[in-house]
Amino acid sequence: MISESFTLKNMLARSCLKLLGLGFKNVKGIEIHSLELGKVVCGYDPLILTRDQIVERFKHLGFELAEDPDELVVEKIKQAAVELIFYANNTNSLIRNSDYIGQKLQVPYVKLSKTFSRITGITLEKYIILLKIEKAKEMIVRNQFSISEIAFMLDYSSVQYLSNQFKSIVGVTISEFKENPAKYRVLLEDIV
């Protein structure tokens, strides 16, 4: 049995973990040891299943390997940003994005930002803004918080600043978005 760790591109939502778990559930010759955002650790019997077949299965499920060192860094940056904005329960208003990402990856933020821009074609700051707007959309749809609370939780200095950025990115006002939210939702993995 060969044990190997795979880093996958754009594996940013918890539903990706379920998809991979189900996608390999009844496949002979492989055991999934751990699944986390962006990373799969498994053991496989090369007499039953080759590495190429596993990679092909990932592709079939919609995931590509991140093998280039800079691509690996970009995937870790994306994971840290998604973790902060989507899963940190208000931490975004308490810690600077740059501090969190730099600490998480143990690399100066300036270096991470340059690598991110070079590989993806957009700045890391722009990516974080796009994530924040997607989180705002999710919170608006859930209707658990006021727009003022959402602005605070996502570290906007005012409701007006959130509203302006929302309109600039989504193309409609928050009120217009509320009328047909499904029309304007974007999957995390489709942001970059």
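For reference, positions follow the sequence shown, starting with 1.
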Single-linkage hydrophobic cluster, 4.5 Å side-chain cutoff, [X] and [Y] together:
| X | Y | answer |
| --- | --- | --- |
| Ile140 | Ile169 | yes |
| Ile54 | Leu72 | no |
| Met1 | Leu35 | no |

What's the spacing between [X] [atom1] and [Y] [atom2] if we round to 0.5 Å?
| X | Y | atom1 | atom2 | result |
| --- | --- | --- | --- | --- |
| Ile129 | Thr123 | CD1 | OG1 | 7.0 Å |
| Leu61 | Leu22 | CG | CG | 9.5 Å |
| Ile147 | Phe152 | CD1 | CZ | 15.5 Å |
| Lys132 | Leu162 | NZ | CG | 9.0 Å |
| Ile2 | Cys42 | CD1 | SG | 10.0 Å |
| Leu84 | Lys135 | CG | NZ | 11.0 Å |

Do the non-hydrogen side-chain atoms of [X] and [Y] ever get within less than 4.5 Å of each other?
| X | Y | value |
| --- | --- | --- |
| Leu20 | Phe58 | yes |
| Thr115 | Arg118 | yes |
| Glu75 | Lys9 | yes |
| Ile122 | Leu130 | yes |
| Lys39 | Ser5 | yes |
| Lys178 | Thr173 | no |
| Arg14 | Phe86 | no |
| Leu124 | Ile77 | yes |

- Task: Please name the residue in the list Val27, Asp52, Ile30, Leu49 that meets the side chain to side chain contact (heavy atoms under 4.5 Å, CB included) test with Arg57.
- Result: Val27
- Relative to the ring of Tyr127, is the ring of Phe116 parallel (under 30°), tilted (30 to 60°) or perpendicular (over 60°)? tilted
- With a 3.5 Å cut-off and no angle check, do the side chains of Tyr100 and Glu83 form a donor-acceptor pair?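 Yes, because at least one side-chain N or O of Tyr100 sits under 3.5 Å from a partner of the opposite role on Glu83.
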Would you say [X]'s side chain and [Y]'s backbone share a donor-acceptor pair under 3.5 angstrom?
| X | Y | value |
| --- | --- | --- |
| Ser117 | Ser113 | yes |
| Glu4 | Val41 | no |
| Gln106 | Gln103 | yes |

Please name the pair of heavy atoms, one in [X] and one in [Y], separated by the smallest distance, quoted to 0.1 Å.
| X | Y | answer |
| --- | --- | --- |
| Leu112 | Gly102 | CD1-CA, 4.1 Å |
| Lys28 | Ile48 | O-CG2, 3.6 Å |
| Ser158 | Ala151 | O-CB, 4.0 Å |
| Ala80 | Lys104 | CB-CG, 3.9 Å |
| Met11 | Cys16 | CG-CB, 3.6 Å |
| Lys78 | Asn10 | NZ-OD1, 2.7 Å |

- Step by step, work out the side chain to side chain contact (heavy atoms under 4.5 Å, CB included) result for Ile128 and Ile101. CA-CA 11 Å; Ile128 290 169; Ile101 293 170; 3.8 Å; yes
- Message: I'd like to know whether NZ of Lys137 has more than 12 heavy-atom contacts from other residues, nucleotides or ligands below 6.0 angstrom.
- Response: yes
- Test side chain to side chain contact (heavy atoms under 4.5 Å, CB included) applied to Phe63 and Val40, step by step: CA-CA 11 Å; Phe63 302 102; Val40 178; over 6 Å; no
- Could you give me the CA-CA distance, side-chain angles and deciding distance for Leu8 and Glu64, then say whether side chain to side chain contact (heavy atoms under 4.5 Å, CB included) is met? CA-CA 6 Å; Leu8 303 177; Glu64 289 184 46; over 6 Å; no
- side chain to side chain contact (heavy atoms under 4.5 Å, CB included) between Val55 and Thr50, intermediate numbers included: CA-CA 9 Å; Val55 170; Thr50 67; over 6 Å; no
- Task: List for me each residue that meets ring pair (Phe, Tyr, Trp, His ring centres under 6.0 Å) alongside Phe177, sequence neighbours excluded, and say none if there are none.
- Result: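 Phe166.
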- Item | salt bridge (charged side-chain N to carboxylate O under 4.0 Å, His left out) involving Lys167 - partner list, sequence neighbours excluded |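 None.
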